[in-house]
Colleague: 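Okay, here's the structure, questions in a sec.
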Amino acid sequence: HRCASAAEGEIRMTKRWTQRPEGSTWGDWGDDDELGRINLVTPEKVLEGVREVQAGISFCLSLPLDFPGGTVLNQRRPPPVVAPTEDMEGNPATFYNVHMSEMKDFGDPKYVDVWADDVVTLSLQYSTQWDSLAHVGAEFDADGDGEEEAVYYNGYRAGVDLVGPRDDAADDGGRHRSFARHLGLEHMAFHGVQGRGVLVDLAHHLGLDWRSVDLATLQQIMDADGVVVEPGDMLLLHTGFATKVLEWERDPDPREIFTTCSYLDARDEALLDWIADSQISALVADNYAVEGLLGKDRDPSRHSFLPIHHLCLFKLGVPLGELWYLHELATWLRENDRSRFLLTAPPLRLPGIVGSPLTPIATV
């Protein structure tokens with residue numbers, strides 16, 4: 001099988017696809033690439049981020065991971081449940097603290113140690129998160145046979161490279177009932193996600209109104225604040241949404257949570273082109289999905305429900321960050337007439353996950 005590289009027009013071999021989506025980066029970093037534009041976070045980009053550190057101040061960019069609260073935002077993603085582990089004899093623990101003298105094999109009055117272990121049941125995309133390239137794929141004729149198949153970035157196949165519940169799960173202890181054999185976030189974690197972050201403060205200019213942001217509006221705000229985005233930068237959008245989530249104190253208003261703060265206008269083709277041409281390595285927002293969840297549109301053609309997810313995750317290999325907390329960082333940057341900083345934001349190195357909670361750190 002052969003395909004043309006967009007970068008050089010050269011012919012190369014691939015096992016998974018003979019044609020790639022128009023404007024995509026499939027194959028640009030090799031036939032087996034699983035990082036996408038995170039490949040642009042090079043040692044040089046890390047150094048550029050480090051050079052932005054002038055004050056030595058760090059900001060936590062994560063919500064508490066039990067926010068937003070409840071399941072109003074997404075009924076498939078329940079809040080985390082934290083509990084103590086069982087005691088040393090296999091009984092359910094009633095207290096977190098287990099004294100050494102209560103432990104059958106180690107009990108002795110001379111030991112003063114008190115232990116605490118816990119376990120969490122956590123929806124990995126409940127709160128501050130990364131969306132991986134395995135999170136959203138598309139029906140696309142990758143093998144050129146005239147029929148569409150379900151594929152993900154760089155031609156990885158649903159049911160082969162990304163699998164759901166399987167009858168043979170018991171053979172591996174049930175560990176892999178649903179599993180990304182490729183494109184899982186462990187690759188991004190191992191590569192390291194540290195480089196230059198650039199923040200655009202939409203909330204300062206637009207307030208908390210629920211409104212779309214097209215390319216013209218985005219560029220006006222960037223020009224007003226002197227924001228410059230360069231290839232390999234990680235772009236962060238401050239809308240004020242996560243700040244509002246905190247104010248709801250785990251009891252979000254079921255209507256207002258879907259009609260609060262700005263979002264990217266995914267139906268603005270010029271904006272989509274800019275995202276592609278900018279060569280950003282990651283796109284992050286403090287809102288729920290970066291783009292707006294607007295429901296059905298009038299376009300009768302086959303197209304994506306979430307065009308920015310489709311562009312970034314499926315075509316370009318740009319991971320999406322959602323529900324990041326940017327309030328204090330945005331405030332400090334504005335007070336100091338800055339927009340750039342060192343961003344450190346690795347996902348969990350847990351093989352096979354398609355989304356991951358994280359605690360990003362911005363250092364200025």
Colleague: Hydrophobic side-chain clustering at under 4.5 Å (ILVMFWY, transitive links): who's grouped with V119? Put none if nobody.
Modeller: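 Its cluster partners, ordered by chain and number, are none at all.
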
Colleague: Side-chain polar contacts of residues 75-82 - donor-acceptor pairs under 3.5 angstrom, sequence neighbours left out - could you list them?
Modeller:
{"residue": "R77", "atom": "NH1", "partner": "Q125", "partner atom": "O", "Å": "3.3"}

Colleague: Looking at W26 and P21, would you say the former's side chain and the latter's main chain have a donor-acceptor pair under 3.5 Å?
Modeller: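 No: the side chain of W26 does not pair with the backbone of P21.
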
Colleague: Mind checking what makes salt bridge (charged side-chain N to carboxylate O under 4.0 Å, His left out) contact with D225, not counting sequence neighbours?
Modeller: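 Only R334 meet the salt bridge (charged side-chain N to carboxylate O under 4.0 Å, His left out) criterion with D225.
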
Colleague: With sequence neighbours left out, what residues match H310 under ring-ring contact (aromatic ring centres under 6.0 Å, His included)?
Modeller: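 Residues passing ring-ring contact (aromatic ring centres under 6.0 Å, His included) with H310: F314.
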
Colleague: Run through the side-chain heavy atoms of Ile, Leu, Val, Met, Phe, Trp and Tyr, join any pair under 4.5 Å, and report what else lands in V245's cluster.
Modeller: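 ILVMFWY cluster around V245 also holds L63, F67, V72, L73, F241, L246, W248, I257, F258, Y288, L293, F305, L306, L323, Y325.
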
Colleague: Output all residues satisfying side chain to side chain donor-acceptor pair (under 3.5 Å) with Q194, sequence neighbours left out; order by chain, then residue number.
Modeller: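 With sequence neighbours excluded, Q194 shows a side chain to side chain donor-acceptor pair (under 3.5 Å) to T344, given in chain and number order.
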
Colleague: Does the R196 side chain pair with the main chain of R340, one donor and one acceptor, at a distance under 3.5 Å?
Modeller: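 Not at all, since once roles are kept as given, no pair shorter than 3.5 Å links the two residues.
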
Colleague: Between D28 and R20, does any side-chain N to carboxylate O distance fall below 4.0 Å?
Modeller: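 Counted as a salt bridge, because a side-chain N and a carboxylate O are separated by less than 4.0 Å.
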
Colleague: Verify, without hydrogens or angle tests, whether Q19 (side chain) and D143 (backbone) share a donor-acceptor contact under 3.5 angstrom.
Modeller: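 Checking the backbone N and O of D143 against the side chain of Q19, no donor-acceptor pair under 3.5 Å is found.
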
Colleague: Any donor-acceptor pair under 3.5 Å linking the side chain of H303 with the backbone of S301?
Modeller: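 Here the side-chain-to-backbone pair exists.
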
Colleague: So, using salt bridge (charged side-chain N to carboxylate O under 4.0 Å, His left out) as the criterion, who are the partners of D32 when residues are at least two apart?
Modeller: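 Once residues adjacent in sequence are excluded, the partners of D32 under the salt bridge (charged side-chain N to carboxylate O under 4.0 Å, His left out) criterion are R16.
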
Colleague: Determine yes or no for a side-chain-to-main-chain donor-acceptor pair under 3.5 angstrom, with E291 supplying the side chain and H309 the backbone.
Modeller: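 A pair under 3.5 Å: yes.
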
Colleague: Between D131 and L320, is there a donor-acceptor pair closer than 3.5 Å when you use the side chain of the first and the backbone of the second?
Modeller: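 Side chain of D131 to backbone of L320, a donor-acceptor pair under 3.5 Å: no, none is there.
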
Colleague: Who passes side chain to side chain donor-acceptor pair (under 3.5 Å) against R51, sequence neighbours left out?
Modeller: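 Applying side chain to side chain donor-acceptor pair (under 3.5 Å) to R51 gives none.
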
Colleague: Tell me whether the rings of W332 and F59 are parallel (<30°), tilted (30 to 60°) or perpendicular (>60°).
Modeller: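 Tilted.
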
Colleague: Checking the side chain of N154 only, and the main-chain atoms of G27 only, is there a donor and an acceptor separated by less than 3.5 Å?
Modeller: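 Checking the backbone N and O of G27 against the side chain of N154, a donor-acceptor pair under 3.5 Å is found.
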
Colleague: Taking side chain to side chain contact (heavy atoms under 4.5 Å, CB included) as the criterion, tell me which of L237, L218, L271 meets it with V213.
Modeller: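 That would be L218; it is the only one of L237, L218, L271 passing the side chain to side chain contact (heavy atoms under 4.5 Å, CB included) with V213.
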
Colleague: I'd like to check the side chain to side chain donor-acceptor pair (under 3.5 Å) partners of S132; sequence neighbours left out, ordered by chain and number.
Modeller: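 Applying side chain to side chain donor-acceptor pair (under 3.5 Å) to S132 gives none.
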
Colleague: Only counting residues at least two apart or in another chain, list the ones meeting ring-ring contact (aromatic ring centres under 6.0 Å, His included) with H187.
Modeller: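 For H187 there are no ring-ring contact (aromatic ring centres under 6.0 Å, His included) partners, ignoring immediate neighbours.
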
Colleague: Does R157 offer a backbone N or O that forms a donor-acceptor pair with the side chain of D161 under 3.5 Å?
Modeller: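 Pair found, side chain donor or acceptor close to backbone of R157.
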
Colleague: Please list every donor-acceptor pair under 3.5 Å in which a side-chain atom of residues 352-364 meets a protein atom from a residue at least two apart or in another chain.
Modeller:
{"residue": "S356", "atom": "OG", "partner": "L348", "partner atom": "N", "Å": "2.9"}
{"residue": "T363", "atom": "OG1", "partner": "S58", "partner atom": "OG", "Å": "3.3"}

Colleague: Hey, could you give me each pair passing side-chain hydrogen bond (donor to acceptor under 3.5 Å, both in side chains) that has a residue in residues 249-271? Not counting sequence neighbours.
Modeller: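 Matches after skipping sequence neighbours: D66-R250.
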
